[in-house]
Asker: 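Sharing a structure here in structure tokens format.
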Amino acid sequence: MPAEAAPVTLAAALPTRRGITTAPVPAPAPAPAAAPSSAPALARLAVPVLPALLALALGLWGIRREDSLWRDEAVTWQVGQRSVAEIWDLLGQVDVVHGLYYVLMHGVFELFGVGPVVLRLPSVLAVAAAAAATAAAGRRLAGPWAGLAAGLVLALIPNIQHYAQEGRAYALVTAGVAVATWLLVSAADASGNGAAVVRRRRWPRWAGYGAVMLTTALLNWFSLFVLPAHAVTVLVARRRGARPLLAPWAVSAALVLAGALPLILASRAQAGQVSWIKPVAVSTLLGVAVLLLVALVCARVPYPGRGRATVSPASVGLPLLAVPQGGLLLASVLVEPVYLDRYVLYTNLGFALLLGVGVAAAVQALPVRTWVLLAGVTATAFVALLPVETGLRTPKSRADDVLRAADRVAVAARTGDGVLFIPAARRDTALVTPTAFTGLDDLALAESPAASGTIKGVEGSAEHIRTAMLAKSRIVVVTDTRRAAPPAPVREAEKLRVLGRHFERTGRTDTVGRRIEVYEKVRRPATEPALRPH
């Protein structure tokens, strides 16, 4: 990290007596004969390191999630094991927005093998990095205690813990935004230290800012909503006298947009992938409103140096929390529903920055050692959230469990049975755990996922499926425990029709989000109404 202003200890920067100081108190000068003390450096190091360690511990706790894997992670699991050429072929048809992440995970799997821990460890490390960067930004904005509190808050947010243990890119995007925000705050801080310092230090920061933001956008281009949030911060800083800030930021932002534009255009051609997203619910709007209200209250809390800095917790945290949320919500209303909280997971960074200021002010206002109070508040929050935290680490915290469904198939199936996936996307059960399907005949599959450049493979015609089904006396069906409506494609309808007219269900086992059914062929009139699996 770039060097900061004159080092001070945590205790000296924010005294533990009642009340809040308006300026840091320098650490006492060492005795002439003594060696220079390392306490200030250790204190500075503790601010990002402690939140990172907490985030790492929470991420590793229950990381296997009882050896479960849900459908989105199953995509990462099987696509990450393809060659780079096969991944490139896939991106031409689907999931181009996740292309960089798949290539990254391909490299991780090549180095460390495949398993639930390896799948999720990059997300765990990303959240630890995000907590460290948030703490570092908070320290520059409002002092070491506020920075430490902000990092700890981020690590404890349940939504952050959820995606810290998920084999998808959202935690990595959050880490990228956190680092970019820290670089922006550092650049703004340097702009107040004189023209010579600005000229000497700004370009490495801006080059880093642009590189990090572009990489983050390539992981998920919805992170580009951060740019207008940062624009608000830059404009506020400019009004406070940071004039060298606007031009380099604008250049960096333009380069990031130019670099991400091909991905944006390519992903628009695959917009049908998000057609399942529902309109924004009232509960979602209320949740966002509550977070904004809490953040606004915390933004009014006094902190050291308030009124003198070119940027403040409010000018950084409020836009980071509100602008991406508002932008995605507005797009969902005016264009098409695209709002999911994981797409703007990084907005928790703004909330953590502001709540950190509030927590730091509260613990400093009491006549007890600040570090004792902050440790107590952190422990209390952890205990209070324990029911939620333990729930996040169970298979039921996700929509389904692909691995458990595969285990049920292995128990129910017999060698020579046929197997059907309704809908075809449930083939992920076999793709993740092929050994559970040894000896079974996939009746619908015409071309494998890797060969066809798809995620679920290409199924044959309805007539092909019907002929294959009628050639079997026993069929295992992998489906969902709940299905709101019959599958739309003709192939899916044909699977259900043939099962209803020519087979009888003789077994059913439910697991987390998945249902395994066994059908055996029977003789009955062809006019008998079809039975749909449910």
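Bear in mind the structure is a predicted one, so any value in this text is a computation, not a measurement.
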Asker: Is any side-chain heavy atom of Asp72 closer than 4.5 Å to one of Thr76?
Answerer: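 They are not in contact (no side-chain heavy atoms under 4.5 Å apart), so the answer is no.
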Asker: Write out all pairs satisfying ring pair (Phe, Tyr, Trp, His ring centres under 6.0 Å) with one or both partners inside residues 325-356, taking only residues at least two apart or from two chains.
Answerer: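 Matches after skipping sequence neighbours: Phe222-Tyr343.
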Asker: What heavy-atom pair brings Ala180 and Tyr209 nearest, and what distance separates the two atoms?
Answerer: O-CD1, 3.3 Å
Asker: Nearest 0.5 angstrom please: Leu291 CG to Ile157 CD1, how far?
Answerer: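 Answer rounded to 0.5 Å: 8.0 Å.
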Asker: Taking Thr433 for its side chain and Ala430 for its backbone only, find out whether a donor-acceptor pair lies under 3.5 Å.
Answerer: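 The answer is no, because no donor-acceptor pair under 3.5 Å joins these two groups.
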Asker: What pairs of residues pass the salt bridge (charged side-chain N to carboxylate O under 4.0 Å, His left out) test when at least one of them lies in residues 154-163, not counting sequence neighbours?
Answerer: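 Applying salt bridge (charged side-chain N to carboxylate O under 4.0 Å, His left out) to every pair that reaches into residues 154-163, excluding sequence neighbours, yields nothing.
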Asker: For Ser461 and Arg491, test the side chains for any donor-to-acceptor distance below 3.5 angstrom and give the result as yes or no.
Answerer: no
Asker: Go through the structure and list residues passing salt bridge (Lys or Arg N to Asp or Glu O under 4.0 Å) with Asp417, not counting sequence neighbours.
Answerer: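 Salt bridge (Lys or Arg N to Asp or Glu O under 4.0 Å) list for Asp417, sorted by chain: Arg474.
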Asker: Checking side-chain contact (heavy atoms from CB on, under 4.5 Å) between Leu152 and each of Leu355, Leu54, Thr134, which is the one that passes?
Answerer: Leu54
Asker: Please determine whether a side-chain nitrogen of the Lys or Arg among Arg514 and Asp428 lies less than 4.0 Å from a carboxylate oxygen of the Asp or Glu.
Answerer: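 Between Asp428 and Arg514 there is a salt bridge, with a charged N closer than 4.0 Å to a carboxylate O.
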Asker: Could you pull out the closest heavy-atom pair between Ile422 and Thr479, with the gap in Å?
Answerer: O-OG1, 2.7 Å
Asker: Is any side-chain heavy atom of Ile455 closer than 4.5 Å to a side-chain heavy atom of Pro449?
Answerer: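 No - every pair of side-chain heavy atoms lies 4.5 Å or more apart.
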Asker: Can you give each donor-acceptor pair under 3.5 Å made by side-chain atoms of residues 113-133, sequence neighbours left out, with the distance rounded to 0.1 Å?
Answerer:
residue	atom	partner	partner atom	Å
Arg120	NE	Glu73	OE2	2.8
Arg120	NH1	Ile63	O	2.8
Arg120	NH1	Arg64	O	3.1
Arg120	NH2	Ser68	O	2.6
Arg120	NH2	Glu73	OE1	3.0
Ser123	OG	Glu166	O	2.7
Ser123	OG	Arg168	O	3.3

Asker: Provide the full list of ring pair (Phe, Tyr, Trp, His ring centres under 6.0 Å) pairs with a residue in residues 438-460, sequence neighbours left out, each pair given once.
Answerer: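 Matches after skipping sequence neighbours: none remain.
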Asker: Enter the distance from Thr284:OG1 to Gln325:CD here, rounded to the nearest 0.5 Å.
Answerer: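 That separation rounds to 9.5 Å.
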Asker: With a 4.5 Å heavy-atom cut-off, do Leu154 and Ile160 have their side chains touching?
Answerer: yes
Asker: If we count only N and O atoms by modelled type, under 3.5 Å, do the side chains of Gln270 and Asp95 hold a donor and an acceptor together?
Answerer: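 On atom types as modelled, these side chains do not qualify, holding no pair under 3.5 Å.
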Asker: Can you sort out the partners of Val432 under side-chain contact (heavy atoms from CB on, under 4.5 Å), two or more places apart, ordered by chain and number?
Answerer: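 side-chain contact (heavy atoms from CB on, under 4.5 Å) check on Val432 returns Leu69, Ala74, Trp77, Val402, Leu403.
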Asker: Run the salt bridge (Lys or Arg N to Asp or Glu O under 4.0 Å) test against Lys472 and tell me which residues pass, sequence neighbours left out.
Answerer: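 Expected list: Asp441.
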Asker: Tell me the closest heavy-atom pair linking Asp480 and Pro423, and the distance in Å.
Answerer: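 Here Asp480 and Pro423 meet closest at OD2-CD, 4.0 Å.
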Asker: Return yes if some donor-acceptor pair links the side-chain N/O of Gln93 with the main-chain N/O of Gly453 below 3.5 Å, else return no.
Answerer: yes
Asker: Out of curiosity, Phe112 CZ to Met105 CE, how far, rounded to the nearest 0.5 Å?
Answerer: 10.5 Å
Asker: What distance separates Ile475 CD1 from Met469 CE, expressed to the nearest 0.5 Å?
Answerer: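 Here the interatomic distance stands at 4.0 Å.
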Asker: So do Leu91 and Ile87 actually touch side chain to side chain, heavy atoms under 4.5 Å?
Answerer: yes
Asker: Heavy atoms, side chains only, cut-off 4.5 Å: are Leu349 and Thr174 in contact?
Answerer: yes
Asker: Among residues two or more places apart or on two chains, list those pairs meeting ring pair (Phe, Tyr, Trp, His ring centres under 6.0 Å) that have a residue in residues 427-447.
Answerer: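 Sorted result for residues 427-447: Phe421-Phe437.
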Asker: Check Ser223 against Met213 and note the closest heavy-atom contact, atom names and distance.
Answerer: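 So the two residues come closest at O-CE, 4.0 Å.
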Asker: Quick one: closest heavy-atom pair of Ala424 and Glu492, and the distance?
Answerer: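 Scanning both residues completely, I find the closest heavy atoms to be N-OE2, 2.8 Å.
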Asker: Say you draw a straight line from OG1 of Thr216 to CG of Leu224; how long is it, rounded to the nearest 0.5 Å?
Answerer: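 The CG atom of Leu224 is 9.5 Å from OG1 of Thr216, to the nearest 0.5 Å.
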Asker: Decide if atom NZ of Lys521 counts as having more than 12 heavy atoms of other residues, nucleotides or ligands within a radius under 6.0 Å.
Answerer: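 Result for NZ/Lys521: enclosed.
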Asker: Quick check on salt bridge (charged side-chain N to carboxylate O under 4.0 Å, His left out): which of Lys495, Arg426, Arg505 does Glu517 satisfy it with?
Answerer: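 When salt bridge (charged side-chain N to carboxylate O under 4.0 Å, His left out) is applied between Glu517 and each of Lys495, Arg426, Arg505, only Arg505 qualifies.
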Asker: Is atom CH2 of Trp88 surrounded by more than 12 heavy atoms (other residues, nucleotides or ligands) closer than 6.0 Å?
Answerer: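 Open: at most 12 neighbouring heavy atoms sit under 6.0 Å from CH2 of Trp88.
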Asker: Quick one: list whatever passes salt bridge (Lys or Arg N to Asp or Glu O under 4.0 Å) with Arg414, sequence neighbours left out.
Answerer: none
Asker: Going by the rule side chain to side chain donor-acceptor pair (under 3.5 Å), which residues pair with Asp407 if we only count those two or more places apart in sequence or in a different chain?
Answerer: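 Asp407 satisfies side chain to side chain donor-acceptor pair (under 3.5 Å) with no other residue.
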Asker: So which pairs with a foot in residues 451-473 pass ring pair (Phe, Tyr, Trp, His ring centres under 6.0 Å), sequence neighbours left out?
Answerer: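 Every candidate ring pair (Phe, Tyr, Trp, His ring centres under 6.0 Å) pair involving residues 451-473 fails, so no pair, neighbours aside, qualifies.
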Asker: Is His98 close to Val79 at the side-chain level, that is, under 4.5 Å between some pair of heavy atoms?
Answerer: no
Asker: Cut-off 3.5 Å, side chains only: do Ser397 and His162 have a donor facing an acceptor?
Answerer: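 Side-chain D/A pair, Ser397 to His162: absent.
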Asker: Roughly how far, to the nearest 0.5 Å, is OG1 of Thr390 from CH2 of Trp61?
Answerer: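 One gets 6.0 Å once the value is rounded to the nearest 0.5 Å.
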Asker: Salt bridge (Lys or Arg N to Asp or Glu O under 4.0 Å) with Arg404: which residues, sequence neighbours excluded?
Answerer: Glu66, Asp401
Asker: So, Tyr519 versus His502, ring centres under 6.0 angstrom or not?
Answerer: no
